[in-house]
Number of protein chains: 2
Amino acid sequence: MNLETQPRRRERLSRSERMADIMRCAGRILRESEDREGIVADIAGRLGIVEGTIYRYFATKRDLIIRVAEEWYEGMLADYDRELAGITGTKARLRFMIWRHLTVMHDEPAMCRLVLDELRADAGYRKTSIYQLNRHYTQRTLAIVKDGIASGELRAEVPLTMVRDMIYGGIEHHCWAYLRGEGRFSPARAADDIVAIVYRGIAAPEDTSALSRLEQVADRLEQITQTHTSNREPSC
Amino acid sequence: MNLETQPRRRERLSRSERMADIMRCAGRILRESEDREGIVADIAGRLGIVEGTIYRYFATKRDLIIRVAEEWYEGMLADYDRELAGITGTKARLRFMIWRHLTVMHDEPAMCRLVLDELRADAGYRKTSIYQLNRHYTQRTLAIVKDGIASGELRAEVPLTMVRDMIYGGIEHHCWAYLRGEGRFSPARAADDIVAIVYRGIAAPEDTSALSRLEQVADRLEQITQTHTSNREPSC
DNA sequence: CGCATTAGTAAGTTCGGTTCATTATTGAGC
DNA sequence: GCTCAATAATGAACCGAACTTACTAATGCG
């Protein structure tokens, strides 16, 4: 009965502060639950503002989510290059890229799921900066493969994009259950397994020059042994 | 002004007929567009019934979609075994499984996208018969790998589930753009590429017994040639 | 032929995202 | 300290789509 008639004091933040506030809160909520229903009302409730306010900052709910994901993803990829610079060798570098990706999946399942299931599934994903970042990123992996080919370590005919598809598709598939909160996985072990298969799959054959040399030698041996041992029985 | 007061003649079908009708119509719509909004109203409109009627047959929109997808998927997988029975050899059998999967993606992009993006992303997918069928199906692929290991053709230490993840994850990744109506791909070529990488990746090393025998022979040759040719110059 | 059964309807409710006309707060210039 | 333009925020709506329910009409079985 006692209606609080006093007009609730309006909290008035600067545009950028409020914006950051909303995004921070949205990020927390997105990490807390995989259910994206009613998120706008939820954010408003937690921040003590009204739903309409959020729409002064983001044109649409989807827009808000994308912005949050983009910011997260950019931070995630920030110091890739620096770390990669410290690693040499095709196999080790490949493994690093794979391991890094697996680790992100492991440490931020909710965000990964958001990107993979929610954003990437929808049309308009290609306009996302996430898509661009991702392209960049996989291309760095392919650059490693290209280097390997140039040096003769890898076969020249490997279908580059398929290597990419198998690596990243394999990673996603491998993490599928984990992203849904079921089961566990070890980034290190998974990286080992993937790189083991892929590297063998794309490596140049074992030095066949050595092999063929041996074959020539064997031929010669047969001639010689025939010449020199034809009158003897095989000794053993 | 001229309201048609005549009560529109009710079309009354048997339960099973109406059910089939709805599912058929839903299937058509799901194939026509990737937009799943308003689908219930759409179906009702096309069939000349009212939305409520649909809810006498399916508890929820999602339920309807799942049923449609399940039916399609079951038909899709029906004669796998028979076809596979006609193929021998680890590599050929693997390639068939991969090619088959790619072909489904190629021929039914809308349905595949529905399953991959819509159904599989959501919780409760595991209760779906699609999930079960899929498990069965990938296990058949792993059975081929196991056979290969048993025969010594493949390495004993290959991590089975990772092979599965790389194959099916790779396929999905490869078809990603195509499923969104962008670009093309060739199931046959893609199958070749995948199987080429995977098979090399998991095959047992080239027969090293032959190699080491050659090495022994080479050693012996060196002894012999030293004995018999030490006083001669190399001829050519 | 009458009545139980069941297909189908009409008119809602709910819920979440989105809009907009209005109100309150702020700070710059006087 | 006062005024006013700029702008943060509100609240009450709208909208579309999924779902519900109390009721109506066709059917077929006895």
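In what follows, every chain begins at residue 1, and chains take the letters A, B, ... in the order their sequences are listed.
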Student: Without decimals, in angstroms, what is the distance between B:Glu37 CD and C:dT18 P?
Tutor: 11 Å
Student: To the nearest 0.5 Å, what is the distance between CD (A:Glu71) and CZ (A:Arg67)?
Tutor: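 Between atom CD of A:Glu71 and atom CZ of A:Arg67 there are 9.5 Å.
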Student: Step by step, would you call B:Met166 with A:Val198 a side-chain contact (heavy atoms from CB on, under 4.5 Å)?
Tutor: CA-CA 9 Å; B:Met166 292 184 64; A:Val198 159; 3.2 Å; yes
Student: Is A:Glu118 salt-bridged to A:Arg113, cutoff N-O under 4.0 Å?
Tutor: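 Looking at A:Arg113 together with A:Glu118, the answer is no, because their closest N to O distance does not fall below 4.0 Å.
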Student: Could you tell me whether B:Gly52 contacts a base, only the sugar-phosphate backbone, or nothing, with contacts defined as non-hydrogen atoms closer than 4.0 Å?
Tutor: base
Student: Whole Å only: how far is the CD1 atom of B:Ile54 from the C1' atom of C:dA7?
Tutor: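 Taking CD1 of B:Ile54 and C1' of C:dA7, I get 14 Å after rounding.
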Student: Hey, can you pull the donor-acceptor pairs under 3.5 Å for the side chains in residues 172-181 of chain A, sequence neighbours left out?
Tutor:
residue	atom	partner	partner atom	Å
A:Glu172	OE1	A:Arg120	NH1	3.2
A:Glu172	OE1	A:Arg120	NH2	3.0
A:Glu172	OE2	A:Arg120	NH1	3.1
A:His173	ND1	B:Asp165	OD1	3.1
A:His174	ND1	B:Asp165	OD2	2.9
A:Tyr178	OH	A:His106	O	2.7
A:Arg180	NH1	A:Trp176	O	2.9
A:Arg180	NH2	A:Asp117	OD2	2.7

Student: Would you tabulate the side-chain donor-acceptor contacts of residues 48-64 of chain A under 3.5 Å, counting partners in other chains and residues two or more places apart, or write 'none'?
Tutor:
residue	atom	partner	partner atom	Å
A:Thr53	OG1	A:Val50	O	3.4
A:Thr60	OG1	A:Arg62	N	3.1
A:Lys61	NZ	A:Arg36	O	3.2

Student: Quickly work out the A:Arg36 CZ to C:dC15 C1' distance and round it to whole Å.
Tutor: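 In whole Å, C:dC15 C1' and A:Arg36 CZ are 18 Å from each other.
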Student: For A:Glu17 and C:dT25, give me the distance from atom CD to atom P, rounded to whole Å.
Tutor: 17 Å
Student: Whole-Å distance between C:dC15 C1' and A:Asp42 CG?
Tutor: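 Taking atom C1' of C:dC15 as the reference, CG of A:Asp42 is at 15 Å.
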Student: Using a cut-off of under 3.5 Å, enumerate the N/O to N/O pairs linking the protein to nucleotides 4-7 of chain D.
Tutor:
residue	atom	partner	partner atom	Å
D:dT7	O2	A:Arg12	NH1	3.3
D:dT7	O2	A:Arg12	NH2	3.3

Student: Which whole-number value in Å describes the distance from A:Arg18 CZ to C:dT26 C1'?
Tutor: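 One finds 14 Å between C1' of C:dT26 and CZ of A:Arg18, rounded.
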Student: Under the side chain to side chain donor-acceptor pair (under 3.5 Å) rule, collect the residues that match up with A:Arg164, sequence neighbours excluded.
Tutor: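 Per chain and number, A:Arg164 pairs via side chain to side chain donor-acceptor pair (under 3.5 Å) with no residue.
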Student: Rounded to whole angstroms, how far apart are CD1 on B:Ile39 and P on D:dC19?
Tutor: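 About 12 Å, once rounded to whole Å.
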Student: More than 12 foreign heavy atoms under 6.0 Å from CZ of A:Arg189: is that the case here?
Tutor: no
Student: Nearest-Å distance, CG (B:Leu13) to P (C:dA7)?
Tutor: 11 Å
Student: Is the phosphate of C:dT19 approached by A:Tyr55 (side-chain N or O, under 4.0 Å from OP1 or OP2)?
Tutor: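 It does not, given that no N or O in the side chain of A:Tyr55 lies less than 4.0 Å from OP1 or OP2 of C:dT19.
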Student: Could you state the interatomic distance from CZ (B:Phe96) to CD1 (B:Ile87), rounded to the nearest 0.5 Å?
Tutor: 4.5 Å
Student: Any residue in residues 56-66 of chain A with a heavy atom nearer than 4.0 angstrom to DNA chain D? Just list them by number, or reply none.
Tutor: A:Arg56, A:Tyr57
Student: What side chain to side chain donor-acceptor pair (under 3.5 Å) pairs are there with at least one residue in residues 133-146 of chain B, not counting sequence neighbours?
Tutor: B:Tyr73-B:Asn134, B:Tyr80-B:Tyr137, B:Asp81-B:Arg140, B:His101-B:Tyr137, B:Thr141-B:Tyr168
Student: Look at the side-chain N and O atoms of B:Thr53 and state whether any lies under 4.0 Å from the OP1 or OP2 oxygen of C:dT9.
Tutor: yes
